[in-house]
Amino acid sequence: MKVAINHRCVEGPWGGGNRVVAAIEAALRARGDVVVHELEDPDIDIALIIDPRRRNPQITFWPDQALAYVERVRPTCVVVHRINECDERKGTHTMNLRLRIANYCADHTVFIASWLKDLDVWRRETEASIVLGGGDDTVFKRDSAALWDGKEPMRLVTHHWGAHPSKGLDVYRRLNAMLAEPEWRARVKFTYIGNLPPDANLPNIAWHAPLNGPPLAEALAQNHAYLTASIGEPAGNHHIEGALLGMPILYRRSGALPEYCGPYGTGFDGPADFAEALGTFMRDYATLKPKLALYPHTSTKMATQFLALFDRLVAEGPAIAARRKPWRNPLVRVANLFPF
């Protein structure tokens with residue numbers, strides 16, 4: 001099998017999509033498949049669109065080019081569109097439309113969380129699958145996080161590549177204010193690893209520059225529990241990596257977080273109920289901690305599901321080609337020619 005992925009990995013700390021591509025590439029190559037990043041070969045079986053946005057410098061081909069390839073070069077090539085974004089994530093107003101336009105070119109859609117399937121981000125003209133994301137458990141090794149004895153301050157941690165306030169700044173500011181109070185300062189410490197908005201102003205929180213790979217795993221594992229307050233998170237890798245290390249998760253009930261974190265932590269809705277949830281979380285820590293040994297969301301599991309999907313779609317390639325109608329909506333077809 002030959003798979004073209006429209007995202008080229010970069011070294012160092014980057015967004016979660018970078019690690020997803022690396023995991024899929026590694027799994028394909030491990031079983032002898034070929035991975036390319038351009039639509040230059042005449043024998044490509046799968047064209048995987050990770051990101052349709054032309055402004056991303058890591059993107060190597062666009063949805064309209066994938067559709068042109070199956071029209072003119074190899075009709076049995078199957079175009080797969082993985083959707084991992086939405087307007088709800090950052091309060092934008094054009095991302096859902098962009099994804100819906102790009103999705104016109106897809107033969108199959110993959111969502112990284114169930115809640116995304118209900119959003120207006122795809123055209124609902126083809127079948128879809130849900131493949132949950134996963135972390136690298138060879139780097140984020142199970143049960144390596146520090147164990148809280150219930151006496152010392154609980155060390156909470158989070159990490160984000162993106163610096164948008166929707167990553168949970170409202171809750172992190174609430175926690176910062178709590179840590180100014182002697183009661184909470186004696187019970188909790190919090191470290192933020194990654195990029196922060198310039199106006200974050202969190203003097204009671206320890207900050208560390210972005211990390212990646214083993215140094216990140218080592219820094220995270222020095223803590224007892226993981227906090228994520230992201231709003232509208234399509235899925236996210238940050239909380240997965242914390243959970244794989246063995247940290248129970250204090251998570252916001254928003255986006256995909258309940259699906260990924262629900263059985264392994266305590267949920268809250270926002271700043272208003274955060275303190276109460278933190279108290280409950282601390283009381284339940286000893287009960288939650290053993291569950292993390294069975295946290296299922298690994299990159300190996302994710303990649304295995306992708307390979308099984310690719311195998312099935314390749315077998316169905318001729319049938320998919322026969323029912324494909326590239327010009328079923330000329331306006332949307334032409335819209336894919338314009339950069340966005």
Side-chain angles (χ1 to χ4, degrees), residues 5-8 10 14-21 39 47-68 79-126 128-131 133 160-170 194-200 228-238 252 254-257 259 270 326-340:
I5 303 177
N6 85 325
H7 182 287
R8 198 183 303 277
V10 297
W14 202 258
N18 199 59
R19 293 187 287 277
V20 168
V21 173
L39 296 175
L48 175 60
I49 297 170
I50 294 288
D51 188 339
R53 294 170 292 182
R54 302 189 186 210
R55 69 174 182 269
N56 186 335
Q58 274 66 57
I59 297 307
T60 53
F61 62 85
W62 306 307
D64 65 290
Q65 293 173 317
L67 189 52
V79 180
V80 179
H81 182 196
R82 178 181 183 267
I83 293 183
N84 67 337
E85 263 287 7
C86 59
D87 281 322
E88 287 74 6
R89 179 186 184 194
K90 295 180 180 178
T92 54
H93 302 287
T94 60
M95 178 56 66
N96 290 0
L97 174 62
R98 292 173 174 182
L99 290 169
R100 196 163 63 249
I101 291 173
N103 190 248
Y104 179 86
C105 305
D107 298 308
H108 189 97
T109 304
V110 175
F111 296 96
I112 61 173
S114 302
W115 82 289
L116 285 170
K117 192 175 181 180
D118 296 328
L119 300 181
D120 197 17
V121 295
W122 65 306
R123 303 190 66 80
R124 295 174 168 80
E125 296 173 339
T126 58
S129 301
I130 296 169
V131 179
H160 298 286
W161 170 251
H164 195 277
S166 68
K167 291 296 183 181
L169 183 59
D170 58 344
N195 295 306
L196 276 167
D199 62 344
T228 175
S230 287
I231 299 171
E233 186 69 64
N237 259 40
H238 60 289
R252 192 177 206 138
S254 178
L257 296 181
E259 184 169 15
W327 289 95
R328 62 192 180 279
N329 189 325
L331 288 178
V332 180
R333 175 69 177 91
V334 172
N336 271 282
L337 299 174
F338 294 93
F340 60 83

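- Remark: Ile112 CD1 to Ile83 CD1 distance equals 10.0 Å, nearest 0.5 Å.
- With sequence neighbours left out, Trp122 forms a ring pair (Phe, Tyr, Trp, His ring centres under 6.0 Å) with Phe111.
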Side chain to side chain contact (heavy atoms under 4.5 Å, CB included), that's the test. Do Val20 and Arg82 meet it? Break it down for me. CA-CA 11 Å; Val20 168; Arg82 178 181 183 267; 3.5 Å; yes
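- Of the inter-residue distances, the one linking Trp115 atom CH2 with Leu257 atom CG reads 9.0 Å to the nearest 0.5 angstrom.
- The side-chain hydrogen bond (donor to acceptor under 3.5 Å, both in side chains) test applied to Asn329 returns no partner, not counting sequence neighbours.
- Considering only heavy atoms from C-beta on, Thr126 comes within 4.5 Å of Thr109 through its side chain.
- For Glu259, there are no salt bridge (charged side-chain N to carboxylate O under 4.0 Å, His left out) partners two or more places apart in sequence or in a different chain.
- Considering only residues two or more places apart in sequence or on other chains, Glu85 meets the salt bridge (charged side-chain N to carboxylate O under 4.0 Å, His left out) condition with Arg89.
- Residues satisfying the side-chain contact (heavy atoms from CB on, under 4.5 Å) test with Asp199, not counting sequence neighbours, are Arg173, Pro197.
- Atom CG in Asp170 sits 13.5 Å away from atom NZ in Lys167 (nearest 0.5 Å).
- Residue pairs meeting the salt bridge (Lys or Arg N to Asp or Glu O under 4.0 Å) criterion with at least one member in residues 99-109, sequence neighbours excluded: Arg100-Asp120, Asp107-Arg324.
- Between Val110 and Val80, some side-chain heavy-atom pair lies under the 4.5 Å cut-off.
- With hydrogens and angles ignored, the 3.5 Å screen pairs no side-chain donor or acceptor of Asp64 with any backbone N or O of Leu337.
- Distance CG/Leu67 to CG/Leu39: 11.0 Å, rounded to 0.5 Å.
- Closest approach of Ala113 and Pro234 over heavy atoms only: CB-O, 3.2 Å.
- The shortest distance between side-chain heavy atoms of Pro52 and Leu99 falls below 4.5 Å.
- When atom types are taken as modelled, the side chain of Arg333 and the backbone of Tyr104 share no donor-acceptor pair closer than 3.5 angstrom.
- Using a 4.5 Å heavy-atom cutoff, the side chains of Val334 and Trp327 are in contact.
- Using a 4.5 Å heavy-atom threshold, the side chains of Glu88 and Asn96 count as touching.
- Taking all atoms of both residues into account, the shortest heavy-atom contact from Ile101 to Ala335 is CG2-CB, 4.1 Å.
- Applying the side-chain hydrogen bond (donor to acceptor under 3.5 Å, both in side chains) test to Ser166 and every residue at least two apart in sequence or in another chain returns His164.
- Expressed to the nearest 0.5 Å, how far CD1 of Ile49 lies from CZ of Phe61 amounts to 6.0 Å.
- Asp87 is linked by a salt bridge (charged side-chain N to carboxylate O under 4.0 Å, His left out) to nothing, counting only residues two or more places apart in sequence or in another chain.
- Atom CD1 in Ile130 sits 9.0 Å away from atom CG in Leu116 (nearest 0.5 Å).
- In this structure, Asn195 contributes its side chain and Gly162 its backbone to no donor-acceptor pair below 3.5 Å.
- Using a 4.5 Å cut-off on side-chain heavy atoms (C-beta onward), His7 and Ile59 make contact.
- In this view, Ser254 satisfies the side-chain hydrogen bond (donor to acceptor under 3.5 Å, both in side chains) rule with no residue, not counting sequence neighbours.
- Taking 4.5 Å as the limit, every side-chain heavy atom of His238 sits out of range of all side-chain heavy atoms of Trp161.
- When the side-chain hydrogen bond (donor to acceptor under 3.5 Å, both in side chains) test is applied to Asp51, the partners found at least two apart in sequence or on another chain are Arg53, Asn56.
- Counting heavy atoms from C-beta outward, Glu233 and Thr228 have side chains that stay 4.5 Å or more apart.
- Applying the ring pair (Phe, Tyr, Trp, His ring centres under 6.0 Å) test to His108 and every residue at least two apart in sequence or in another chain returns nothing.
- The two residues Ala106 and His81 have their closest heavy-atom pair at CB-CB, 3.6 Å.
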